[in-house]
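Written out below as structure tokens is the structure these notes cover.
Quick note on labels: first sequence line is chain A, next is B, and so on, each numbered from 1.
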Amino acid sequence: MSRLLSWKEVPVAGWLEKKGNAKEYETGDWRTIKPVWIEKNCIQCLRCFVYCPDLAILSQGEKVAGIDYQHCKGCGICANECPSKPKALEMVAETDSE
Amino acid sequence: MPNLKELMQHESFFSPGHRMCAGCVAPLVVRQVALAVGDTPVVVANATGCLEVASTIFPYTAWRCSFIHNAFANAAATLSGVETAYRALKKQGKINKEIKFIAFGGDGGTYDIGLQSLSGAMERGHNMLYICYDNGAYMNTGIQRSSATPLFADTTTSPAGQVSSGKSQWRKDLTAIMAAHNIPYAAQVAPSHFMDLMTKVQKALSVDGPSFINAMAHCPRGWRYDTREGVELTRLSVETCYWPLYEVDHGKWKLSYKPKEKKPIETWIRKQGRFRHLFTDKGQTEIKWLQQRVDEEWSKLLERCKEVG
């Protein structure tokens with residue numbers, strides 16, 4: 001879980017020092033189910049990349065490279081939209097994945 | 001046509017770690033807009049709403065671009081001021097960058113509360129793009145009806161029960177209202193058809209003058225469906241012709257997507273808990289009404305676009 005900042009760490013007067021620093025806040029612990037990317041099934045259609053509301057599909061160059069579990073909220077849109085057969089994204093229960 | 005593989009190389013102006021609900025389609029709209037914008041510098045204004053509240057929780061911000069929020073009612077007015085200041089500074093030679101201006105508002109902040117400031121900004125002809133993400137109610141404050149809520153939807157201020165069957169009015173056709181301002185570009189989009197969305201955003205940013213885009217944004221919390229179905233349902237809203245994709249380019253109406261087979265409205269509303277009360281014996285007449293009204297609106301649009309039905 002993301003640690004709350006102490007009063008000494010919070011910037012003075014509502015000033016934000018970094019742009020887009022929400023990235024430092026982890027929303028991955030909201031998840032109850034998680035997507036698993038199966039590379040060998042992936043056809044690189046990039047749909048999961050375009051449809052992920054949390055920008056949690058990692059890319060490298062022009063290809064999908066994995067999932068950002070720090071920010072993925074486990075909504076399941078990526079697995080639902082994955083067109084490849086068999087699917088390259090599957091949802092598994094968070095507890096079963098260890 | 002935007003080149004996705006090229007656009008994905010740029011850092012998005014919207015960052016992960018925003019605290020919109022899991023499965024919310026509104027950040028998906030912003031994400032696709034950010035993809036379409038690429039590396040063009042932008043200034044974003046936000047009306048109060050889910051997006052503003054959940055993306056700027058202190059001491060974090062999900063925006064990598066310049067961002068301004070003022071009040072619920074005046075995202076368009078605020079941004080038109082910023083745009084005017086930019087033009088003045090440019091004239092004085094103090095800025096020489098090309099900057100684009102984008103405002104985001106929910107349906108509450110656009111259809112209802114922000115309508116007059118939006119109308120004013122469009123009429124004055126500011127060089128800005130206003131994007132409304134329409135999730136069909138005041139989701140941020142607890143699912144109260146707005147003028148974008150569909151007919152017969154159950155919300156906390158139009159509750160379905162023994163006497164009422166949800167909201168009793170049809171939704172406001174905001175895209176047509178904006179087109180009636182005679183602005184250079186107005187369009188309706190859905191994130192399920194992302195190429196269409198990105199093309200329209202690029203087009204809207206390239207015109208000289210104000211432009212308006214109305215985007216469908218499903219809300220799993222308020223519409224009561226499984227989070228995984230967000231994009232699937234968005235696609236259905238287009239296929240059932242409840243949310244047709246079209247553009248009004250310099251006064252010319254053009255249909256962007258015509259479903260091969262028009263699906264019955266029932267296929268879309270069946271999956272949403274807010275229409276649950278219609279799936280009883282007495283709800284059948286209401287579904288018929290709904291279908292009839294959707295058909296009427298669709299044929300009206302076909303006529304405007306000079307398409308044959």
Side-chain angles (χ1 to χ4, degrees), chain A residues 2 4-7 9-28 30-35 44-64 67-82 89 91, chain B residues 2-32 34-36 51 54-67 191-195 197-198 217-220 226-235:
Chain A
S2 277
L4 281 176
L5 298 183
S6 74
W7 67 273
E9 291 166 299
V10 169
V12 178
W15 179 258
L16 294 180
E17 284 150 349
K18 269 188 272 174
K19 58 180 184 177
N21 65 348
K23 202 172 179 183
E24 291 161 21
Y25 188 87
E26 293 177 8
T27 49
W30 296 14
R31 237 177 11 245
T32 53
I33 47 172
K34 75 182 217 178
Q44 295 293 349
C45 67
L46 300 176
R47 282 197 200 184
C48 51
F49 180 80
V50 181
Y51 286 141
C52 177
D54 297 307
L55 299 89
I57 302 289
L58 300 169
S59 68
Q60 200 156 43
E62 297 177 350
K63 287 188 167 167
V64 169
I67 296 157
D68 172 5
Y69 289 115
Q70 247 102 56
H71 295 105
C72 167
K73 293 171 191 159
C75 67
I77 288 182
C78 55
N80 202 45
E81 291 303 313
C82 181
L89 281 155
M91 301 304 288
Chain B
N3 182 345
L4 181 61
K5 289 196 169 157
E6 192 190 297
L7 289 171
M8 69 189 275
Q9 307 306 323
H10 304 296
E11 193 186 43
S12 160
F13 68 62
F14 194 58
S15 84
H18 63 77
R19 280 175 256 181
M20 302 289 273
C21 305
C24 175
V25 179
L28 182 45
V29 173
V30 182
R31 192 271 189 286
Q32 294 184 2
L35 265 175
L51 181 65
S55 66
T56 57
I57 300 172
F58 185 75
Y60 297 102
T61 173
W63 302 89
R64 291 199 181 103
C65 54
S66 300
F67 177 87
S192 54
H193 299 65
F194 58 90
M195 271 300 168
L197 187 147
M198 297 199 305
H218 284 42
C219 167
D226 193 339
T227 54
R228 69 177 64 207
E229 290 171 330
V231 174
E232 193 185 325
L233 282 178
T234 310
R235 197 172 292 117

[X], part contacting chain A, at a heavy-atom distance under 4.5 Å:
| X | value |
| --- | --- |
| B/Pro191 | backbone |
| B/Leu4 | side chain |
| B/Ser12 | side chain |
| B/Cys65 | neither |
| B/Phe13 | neither |
| B/Gln32 | side chain |

Nearest non-hydrogen partners of [X] and [Y], listed with the distance:
| X | Y | answer |
| --- | --- | --- |
| A/Ala22 | B/Ser15 | CB-OG, 3.9 Å |
| B/Phe194 | A/Tyr51 | CD2-OH, 3.4 Å |
| B/Phe58 | A/Val10 | CE2-CG1, 3.1 Å |
| B/Ala22 | A/Cys75 | C-CB, 3.8 Å |
| B/Arg64 | A/Gly20 | CG-CA, 3.8 Å |

Heavy-atom side-chain contact between [X] and [Y] under 4.5 Å:
| X | Y | result |
| --- | --- | --- |
| A/Lys19 | B/Phe67 | no |
| A/Ile77 | B/Glu232 | no |
| B/Pro59 | A/Pro11 | yes |
| B/Lys5 | A/Gln44 | no |

Output, in order, the C-alpha distance, side-chain angles, deciding distance and verdict of side-chain contact (heavy atoms from CB on, under 4.5 Å) for A/Glu81 and B/Arg228.
CA-CA 9 Å; A/Glu81 291 303 313; B/Arg228 69 177 64 207; over 6 Å; no
Donor-acceptor pair, A/Glu26 side chain versus B/Gly17 backbone, under 3.5 Å?
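Judged by distance alone, no pair lies under 3.5 Å.
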Just by modelled atom types, is the B/His18 backbone N or O under 3.5 Å from a matching donor or acceptor in the A/Tyr25 side chain?
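No; judged by distance alone, with no hydrogens or angles, the pair does not exist.
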Max heavy-atom pair count under 4.5 Å with chain B, selected residue of [options]:
| options | value |
| --- | --- |
| A/Gly61, A/Gly28, A/Cys72, A/Ala79 | A/Gly61 |
| A/His71, A/Lys63, A/Arg31 | A/His71 |
| A/Ile33, A/Asn80, A/Asn21 | A/Asn21 |

Give the member of B/Ser192, B/Pro220, B/Ser66, B/Cys21 that has the highest number of heavy-atom pairs under 4.5 Å with chain A.
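Looking at each of B/Ser192, B/Pro220, B/Ser66, B/Cys21 in turn, B/Ser192 comes out on top.
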Winner by heavy-atom pair count (cut-off under 4.5 Å) against chain A, out of B/Thr61, B/Leu35, B/Thr227, B/Ile57:
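That would be B/Thr61.
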Would B/Arg31 count as a cation-pi partner of A/Phe49, with NZ or CZ less than 6.0 Å from the six-membered ring centre and within 45° of the ring normal?
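Here B/Arg31 passes the 6.0 Å and 45° test against A/Phe49.
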Examine whether an atom of A/Cys78 lies under 4.5 Å from a heavy atom of chain B, and if so say whether it belongs to the side chain, the backbone or both; otherwise answer neither.
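When you check distances to chain B, no heavy atom of A/Cys78 falls under 4.5 Å.
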Neighbour count above 12 (heavy atom, 6.0 Å) for A/Gln60 CD
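Open: at most 12 neighbouring heavy atoms sit under 6.0 Å from CD of A/Gln60.
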